[in-house]
Amino acid sequence: MSPPLIYNLFPRLVGPTTRWPEHARAAAEMGFNWLYVNPWHYPGFSGSLYAPKEFDRINPLFLPPGTDAYSLEPLRDFLNDVRDLGIPVMMDLVVNHTSKDAPLVSEHPDWYVRDAEGEVVSPSVTDPDDASKRTVWGDLAEIDNAGSTDRENLWSFWATLVADAMEMGFAGFRCDAAYMVPAGLWRRLISVAREHDPEATFFAETLGAPVDSVLALREAGFDYFFNSSKWWNFRESWALDQHASFGRIAPSISFPETHDTTRLAEDSGGSEPVQRQRYAFAAAFSAGLMMPIGYEFGFRNRVDVVHTKPSDWERPSFDLRPFVGRVNRLKSNHHLLQGEGHLNAALGLEGDVLVLERRSDDGNSRGFILVNKDAGAEREVDLESIGARNDALELLRVCRDDAPEGGVPVPTKLRLAAAEVVYLLPS
């Protein structure tokens, strides 16, 4: 099975559904084999994509002009167009909250968490690194999936939502705040989806989740979850520790940025080498890979679930599409870059070059991922010290557009450009 290479089409930045296919085609040309679309449902008073008010209507921002406000045909048309490209589409599955002004709040009051005064509670999250930092989403109403007195009807509502999405043509689901939802509900929804399509795929979103909450997802049956490697500085052990620990749950997906984070190009001051570094590293760190729309052009403005609009499309700072396509092809075709793998810092974490040993899932094959941590200067690494020349490996300078697509023999010593990532893979 090919590793999931996911292109995130952020619909607020693109506009009506009639504009989505051109971006799907561009993603397919770069070698992506999944398309992920953020929530398309009719939103509540805040306008946030993640505050669904009505689940059987399309957000008016995504309706082509002249379309019936209650029609789902534009979405069906898009899914049919993308099916011809051979690229499956996943949608966001938001089952832990609705907007506070959703009709369900009054129609099914027992479906919601309520405080001592009977008022609907807004969901919140505490920063795992600083308990004093707590975020409350005041436009949202928290669903009581675990303790509702009407749980069977509540869970049946979500099951119908999944079945309808499958019937419409979606092939997978990015499960928002998966760690906040009972494993039993996820098992039921996964079962419902696979009655329609045995290949239906479920991806758990775990951004900001405590480690114990992520580990608890083992019982839910997810195919993949999203890891936190985006925040690794290549010097601390936590990312490798989590990779080893979380590998017992399911394979994971890496990303250099998401719609929930600031743009990497903004954080790096518009550094193209850093943009290449984090993508090439993410491709080698785990089983799957995700990239949001605009990353290939070095967009710097963070997308916003409430305010972003098509006029926010930026002038490209650079064009990484050939590079992204090259990395995607390599990840799709080379056995050592597939699967979650086993990772080890071969020379420790202290130096300016990370030498990451990657072994295949079965442990029978190994290679190395070299990362120059220094974004401002070249660095040299001795490859004799790790035995790289004795393993029939070949050198692939994936970050360089002028490098051959095939590998070359591994030298004794190697100089890495600033922020460069190099693969040493079995030939």
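Position 1 is the first residue of the sequence; numbering continues from there.
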**Fill in**
Nearest heavy-atom contact between Met290 and Pro256 is O-CD, 3.3 Å
**Prompt:** Which is it for Ser286 and Glu340 under the side chain to side chain contact (heavy atoms under 4.5 Å, CB included) test, yes or no, and what are the steps along the way?
**Reply:** CA-CA 5 Å; Ser286 51; Glu340 191 69 0; 3.6 Å; yes
**Prompt:** Looking at residues at least two apart in the chain, or sitting in another chain, which of them share a side-chain hydrogen bond (donor to acceptor under 3.5 Å, both in side chains) with His259?
**Reply:** Asn38, Tyr50
**Side chain proximity check, Ile6 to Phe32, heavy atoms < 4.5 angstrom** = no
**Asked** Partners of Tyr36 by ring pair (Phe, Tyr, Trp, His ring centres under 6.0 Å), sequence neighbours excluded?
**Response** none
**Request:** Under the side-chain contact (heavy atoms from CB on, under 4.5 Å) rule, collect the residues that match up with Arg321, sequence neighbours excluded.
**Result:** Met30, Glu296, Phe297, Asp319
**Thr160: partners by side-chain hydrogen bond (donor to acceptor under 3.5 Å, both in side chains), with sequence neighbours left out** = none
**Prompt:** Can Gln275 and Phe318 be said to form a side chain to side chain contact (heavy atoms under 4.5 Å, CB included), step by step?
**Reply:** CA-CA 10 Å; Gln275 201 87 348; Phe318 39 73; 3.9 Å; yes
**Request:** Give me the ring orientation class for Phe285 and Trp232: parallel if the planes are under 30° apart, tilted from 30 to 60°, perpendicular past 60°.
**Result:** tilted
**Item:** Check against side chain to side chain contact (heavy atoms under 4.5 Å, CB included), Phe246 and Ser252
**Value:** CA-CA 8 Å; Phe246 291 173; Ser252 69; over 6 Å; no
**Prompt:** Looking at Phe10, Trp313, Tyr7, which one forms a ring-ring contact (aromatic ring centres under 6.0 Å, His included) with His23?
**Reply:** Trp313
**Carboxylate-amine/guanidinium proximity below 4.0 Å for Asp139 and Lys100** = no
**Prompt:** Who pairs with Tyr423 by ring pair (Phe, Tyr, Trp, His ring centres under 6.0 Å), at least two apart in sequence or on another chain?
**Reply:** none
**Prompt:** Between Tyr224 and Phe203, how do the two ring planes meet: parallel, tilted or perpendicular, split at 30° and 60°?
**Reply:** parallel
**Item:** Glu350: salt bridge (charged side-chain N to carboxylate O under 4.0 Å, His left out) partners, not counting sequence neighbours
**Value:** none
**Request:** Determine the interplanar angle of the Phe157 and Trp111 rings, folded into 0 to 90°, and report it as parallel if under 30°, tilted if 30 to 60°, perpendicular if over 60°.
**Result:** tilted
**Asked** Should the pair Glu420-Arg400 be classified as a salt bridge under the 4.0 Å nitrogen-to-oxygen rule?
**Response** yes
**Item:** Under-4.0 Å salt bridge between Glu22 and Arg25
**Value:** no
**Item:** Worked verdict on Asp402 versus Arg397 for salt bridge (charged side-chain N to carboxylate O under 4.0 Å, His left out)
**Value:** CA-CA 9 Å; Asp402 59 352; Arg397 305 202 82 145; over 6 Å; no
**Asked** What are the two closest non-hydrogen atoms of Asp176 and Trp186, and how far apart are they?
**Response** O-CZ2, 4.5 Å
**Complete:** Rounding to 0.5 Å, atoms CG (Leu215) and OG1 (Thr206) come to a distance of 10.5 Å
**Message:** Under a 3.5 Å distance rule, please check whether Asp312 uses its side chain to pair with a backbone N or O of Lys309 as donor and acceptor.
**Reply:** yes
**Request:** Please lay out, stage by stage, how Ser360 and Asn364 fare under the test side-chain hydrogen bond (donor to acceptor under 3.5 Å, both in side chains).
**Result:** CA-CA 6 Å; Ser360 58; Asn364 293 329; 5.9 Å; no
**Message:** Return the CG to OG1 distance between Asn301 and Thr308, rounded to the nearest 0.5 Å.
**Reply:** 8.5 Å
**Message:** Going by ring pair (Phe, Tyr, Trp, His ring centres under 6.0 Å), name the residues that satisfy it together with Tyr179, two or more places apart in sequence or in a different chain.
**Reply:** none
**Item:** Partners passing side-chain hydrogen bond (donor to acceptor under 3.5 Å, both in side chains) against Arg218 (at least two apart in sequence or in another chain)
**Value:** none
**Request:** Indicate yes or no: does Asp304 engage Arg12 in a salt bridge with an N to O separation below 4.0 Å.
**Result:** no
**Asked** What pairs with Phe368 under ring pair (Phe, Tyr, Trp, His ring centres under 6.0 Å), at least two apart in sequence or on another chain?
**Response** none
**Message:** Aromatic contact between Trp40 and Phe62, with the criterion being ring centroids under 6.0 Å apart: yes or no?
**Reply:** no
**Test log, rule side-chain hydrogen bond (donor to acceptor under 3.5 Å, both in side chains), inputs Ser2 and Asn33** = CA-CA 8 Å; Ser2 297; Asn33 55 22; 4.8 Å; no
**Item:** Set of residues satisfying salt bridge (charged side-chain N to carboxylate O under 4.0 Å, His left out) with respect to Arg83, sequence neighbours excluded
**Value:** none
**Request:** Please name the pair of heavy atoms, one in Ser268 and one in Val274, separated by the smallest distance, quoted to 0.1 Å.
**Result:** CB-CG1, 4.0 Å
**Prompt:** Step by step, would you call Phe173 with Met91 a side chain to side chain contact (heavy atoms under 4.5 Å, CB included)?
**Reply:** CA-CA 5 Å; Phe173 301 89; Met91 72 171 226; 3.8 Å; yes
**Request:** List in chain and number order the residues that pass salt bridge (charged side-chain N to carboxylate O under 4.0 Å, His left out) with Glu266, two or more places apart in sequence or in another chain; answer none if no residue qualifies.
**Result:** Arg300
**Item:** Heavy-atom pair with the smallest gap, counting every atom of Ile190 and Ala220
**Value:** CD1-O, 3.5 Å
**Message:** For Glu195, give me all partners under side-chain contact (heavy atoms from CB on, under 4.5 Å), at least two apart in sequence or on another chain.
**Reply:** Ser191
